[in-house]
Q: 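Structure provided below as structure tokens; questions to follow.
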Amino acid sequence: MKEIIMLRLNIIIVICAFFGTISCQTNQKRLDTPKKNILEDAEIPYLKGESQQIFDPKPSPDFDENKWFTNDHCFVVDKKGKLHWFGINNPFPPEGKDLYRYHPYLGHLTSNSATKNWKREPFAINEIEGTEYIGAPFVVWHEESNRWVMVVEQWREKRQLEVYWSTDLVNWEETKTPILPNKLWVGTRDPHIMKGPDGKYWIHVVATGNEGMKQSQVLRIRTKDFVNFENPETILGIDDNEWATLIESPFLIERNGLWYLFFTYAHRRYAETLVIVSDNPDHFDYKKNVLTTMFGHAAEIISYKGKEYITSCGPEDAHYLNTHGVTMAELGWLNQK
């Protein structure tokens, strides 16, 4: 009996040693396997062909004697398939008015072809006899109320984000109510809006000062009704400044399981758009995951009639020559595999 017990014990020891070796080899293989490199897995966006101006910034040659410019803007396709452009569209400030403070008009144009045939519509918002300021807009369809909603920067007693509503993309009703006035730094601006996988609308803006950090930041503000807003979350922070954000115009898209955050690093180079990739839409790492640098200021991405496009605009400074309109190019994606 003793011999049988000893034989069984030896068999057990051999089996344990065998599987222990396999386990060790498996663990070693796991340690030796390189971690997933998101920069190698990502597709790289690029401009296909030439970036060309799609319309002149001035409403018409005889509108006035001023030179005009465009800046931050957005695109939306209406329920009949027509493409709309909304954006900063103003003359350079006349004598007695300040640059970056004189923004009386929000331009509105329509087209049935992204790169041409743009028709100028009446200004979406006209503050020439009001606040003389209307800033970067973003428009989306609000499914829950069957209306169009716009988040835009206004300047009343101070600069603030506000909500406007419309049923036809022509007539806009202002709310005059600031978004999170006690939680957003003055100068928080350049909204981008998308419906997140959580069913809420994500408003992305550039800012500084969130959670006490004096960084250039991209914040996310979640809402369902554009009346009640959740506290801002920082999804990108760059430790580059103490007093204001140096980045502008965020735009976030999801593609094949990865998230791509476009933003302009305007105070480094005016027409520099960086792209950071992440597998987590709540966090983008500037130090590790900058995927590429693109030409363009305040870039917007639009899909229309089976093609994807990327735009650029501006600037507001008159000493720049012949670059004050909106330009557009087809957007391509390079698969690295």
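Since the structure is predicted, the reported quantities are computational estimates derived from the model, not experimental observations.
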Q: Should Glu248 and Arg269 count as an ion pair when the cut-off is N to O under 4.0 Å?
A: no

Q: Does a sphere of radius 6.0 Å around NZ in Lys214 hold more than 12 heavy atoms from other residues, nucleotides or ligands, not counting ones at 6.0 Å or beyond?
A: yes

Q: Side-chain heavy atoms nearer than 4.5 Å, only ILVMFWY residues, links allowed to pass through others: does that put Phe75 and Leu109 together?
A: yes

Q: Would you find a donor on one side and an acceptor on the other, under 3.5 Å apart, between the side chain of Thr167 and the backbone of Arg147?
A: no

Q: Does a donor on one side chain and an acceptor on the other come within less than 3.5 Å for Thr264 and Ser249?
A: no

Q: For a 4.5 angstrom cut-off between non-hydrogen side-chain atoms, does Met294 reach Ile310?
A: yes

Q: Do Ile193 and Trp85 land in one hydrophobic cluster if side-chain heavy atoms of ILVMFWY residues count as linked below 4.5 Å?
A: no

Q: Taking Asp225 for its side chain and Asn228 for its backbone only, find out whether a donor-acceptor pair lies under 3.5 Å.
A: yes

Q: Distance alone, cut at 3.5 Å: any donor-acceptor contact between the side chains of Ser111 and Asn117?
A: no

Q: Could you list who else is in Tyr100's hydrophobic cluster, with ILVMFWY side chains joined at under 4.5 Å, directly or through other members?
A: Leu99

Q: I'd like to know whether Ile44 forms a side-chain contact (heavy atoms from CB on, under 4.5 Å) with Tyr46, so could you lay out the CA-CA distance, the side-chain angles of the two residues, the decisive distance to 0.1 Å, and finally the verdict.
A: CA-CA 7 Å; Ile44 302 175; Tyr46 66 95; 5.6 Å; no

Q: Heavy atoms, side chains only, cut-off 4.5 Å: are Pro250 and Val205 in contact?
A: no

Q: Output all residues satisfying salt bridge (Lys or Arg N to Asp or Glu O under 4.0 Å) with Arg159, sequence neighbours left out; order by chain, then residue number.
A: Glu153

Q: If you group Ile, Leu, Val, Met, Phe, Trp and Tyr by side-chain heavy-atom gaps below 4.5 Å, do Ile302 and Ile253 land in one group?
A: no

Q: Once you round to the nearest 0.5 Å, how far does CG of Asp240 lie from NE2 of His267?
A: 10.0 Å

Q: Has the side chain of Arg220 got a donor or acceptor atom that lies under 3.5 Å from a matching backbone atom of Pro281?
A: yes

Q: If you link I, L, V, M, F, W and Y whenever their side-chain heavy atoms are under 4.5 Å apart, who else ends up in the same group as Leu252?
A: Met194, Trp202, Val206, Val218, Ile235, Leu236, Ile238, Leu246, Ile247, Trp259, Leu261, Phe263, Tyr265, Leu274, Ile276, Phe284, Tyr286, Val290

Q: Could you pull out the closest heavy-atom pair between Thr273 and Gly296, with the gap in Å?
A: OG1-O, 2.8 Å

Q: According to ring pair (Phe, Tyr, Trp, His ring centres under 6.0 Å), who are the partners of Phe69, at least two apart in sequence or on a separate chain?
A: Phe92

Q: Side-chain contact, heavy-atom cut-off 4.5 Å: Thr188 with Thr245?
A: no

Q: Using the six-membered ring wherever Trp is involved, compare the ring planes of Tyr105 and Trp68 and label them parallel, tilted or perpendicular (cut-offs 30° and 60°).
A: parallel

Q: Just by modelled atom types, is the Val163 backbone N or O under 3.5 Å from a matching donor or acceptor in the Thr175 side chain?
A: yes

Q: Who pairs with Asp198 by salt bridge (Lys or Arg N to Asp or Glu O under 4.0 Å), at least two apart in sequence or on another chain?
A: Arg222

Q: Is there a side-chain contact between Thr293 and Glu272 (heavy atoms, below 4.5 Å)?
A: yes

Q: Give, for atom NE2 of His84 and atom NZ of Lys119, the distance between the pair rounded to the nearest 0.5 Å.
A: 10.5 Å

Q: Could you work out, with salt bridge (Lys or Arg N to Asp or Glu O under 4.0 Å) as the rule, every residue matching Lys195, not counting sequence neighbours?
A: Glu143, Glu144

Q: Report whether Phe138 and Ile301 are members of the same hydrophobic cluster (ILVMFWY, side-chain heavy atoms less than 4.5 Å apart, transitive linking).
A: yes

Q: Can a donor-acceptor pair be found, under 3.5 Å and without considering hydrogens, that links the side chain of Glu121 to the backbone of Ala124?
A: no

Q: Is there a donor in the side chain of Glu43 and an acceptor in the side chain of Asn256, or the other way round, less than 3.5 Å apart?
A: yes

Q: Does Gln160 reach the side chain of Pro181, with side-chain heavy atoms less than 4.5 Å apart?
A: no

Q: So, using ring pair (Phe, Tyr, Trp, His ring centres under 6.0 Å) as the criterion, who are the partners of Phe251 when residues are at least two apart?
A: His192

Q: Test your reading of the model: is there a side-chain donor-acceptor pair from Lys58 to the backbone of Pro91, 3.5 Å cut-off?
A: no

Q: Is there a donor in the side chain of His73 and an acceptor in the side chain of Thr311, or the other way round, less than 3.5 Å apart?
A: yes

Q: Are Glu162 and Lys176 within salt-bridge range, i.e. N to O under 4.0 Å?
A: no

Q: Using links of under 4.5 Å between side-chain heavy atoms of ILVMFWY residues, direct or through other members, which residues join Leu106 in one cluster?
A: Val76, Phe86, Ile125, Ile134, Val139, Trp141, Trp148, Met150, Val152, Tyr164, Leu169, Trp172

Q: Does any part of the side chain of Tyr309, heavy atoms only, come nearer than 4.5 Å to the side chain of Leu47, both counted from C-beta?
A: no

Q: For the residue pair Arg120 / Asn89, report whether a side-chain donor-acceptor contact shorter than 3.5 Å exists.
A: yes

Q: Under the ring pair (Phe, Tyr, Trp, His ring centres under 6.0 Å) rule, collect the residues that match up with His142, sequence neighbours excluded.
A: Trp165, Tyr201, Phe226

Q: Side chains of residues 328-337: which donor-acceptor pairs under 3.5 Å do they make with residues two or more places apart or in other chains?
A:
| from | atom 1 | to | atom 2 | distance (Å) |
| --- | --- | --- | --- | --- |
| Glu330 | OE2 | Lys48 | NZ | 3.4 |
| Trp333 | NE1 | Glu308 | OE1 | 2.9 |
| Asn335 | OD1 | Lys337 | N | 3.0 |
| Gln336 | NE2 | Leu39 | O | 2.7 |
| Gln336 | NE2 | Glu40 | O | 3.4 |
| Gln336 | NE2 | Ala42 | O | 2.7 |

Q: Look at the side chain of Arg189 and the backbone N and O of Gly187, then say whether any donor-acceptor pair between them is shorter than 3.5 Å.
A: yes

Q: Is it the case that the side chains of Ser166 and Asp168 hold a donor-acceptor pair, with the cut-off being a distance below 3.5 Å and no angle test?
A: yes

Q: Between Thr110 (side chain) and Leu83 (backbone), is there a donor-acceptor pair under 3.5 Å?
A: no

Q: Taking the side chain as everything from C-beta on, heavy atoms only, tell me whether Ser113 gets closer than 4.5 Å to Tyr304.
A: no

Q: Can you list everything that forms a salt bridge (Lys or Arg N to Asp or Glu O under 4.0 Å) with Lys200? Sequence neighbours excluded, please.
A: Glu230

Q: Of all the heavy-atom pairs spanning Gly325 and Pro57, show the shortest one and how long it is.
A: CA-CD, 3.9 Å

Q: Any chance the side chains of Glu174 and Gln154 put a donor and an acceptor closer than 3.5 Å?
A: no

Q: I need the minimum non-hydrogen distance between Trp185 and Gly209, along with the two atoms involved.
A: CE3-CA, 3.7 Å

Q: Answer yes if the side chains of Ser278 and Asn280 hold a donor-acceptor pair under 3.5 Å, and no otherwise.
A: no

Q: Would you find a donor on one side and an acceptor on the other, under 3.5 Å apart, between the side chain of Thr292 and the backbone of Val275?
A: no

Q: If you group Ile, Leu, Val, Met, Phe, Trp and Tyr whenever their side-chain heavy atoms sit less than 4.5 Å apart, what else falls in with Tyr133?
A: Trp155

Q: Are the side chain of Asp98 and the backbone of Arg101 linked by a donor-acceptor contact shorter than 3.5 Å?
A: no

Q: side-chain contact (heavy atoms from CB on, under 4.5 Å), that's the test. Do Asn112 and Lys305 meet it? Break it down for me.
A: CA-CA 9 Å; Asn112 57 7; Lys305 294 187 176 180; 4.2 Å; yes

Q: Which pair of heavy atoms, one from Tyr270 and one from Glu316, lies closest together, and at what distance?
A: OH-N, 4.0 Å

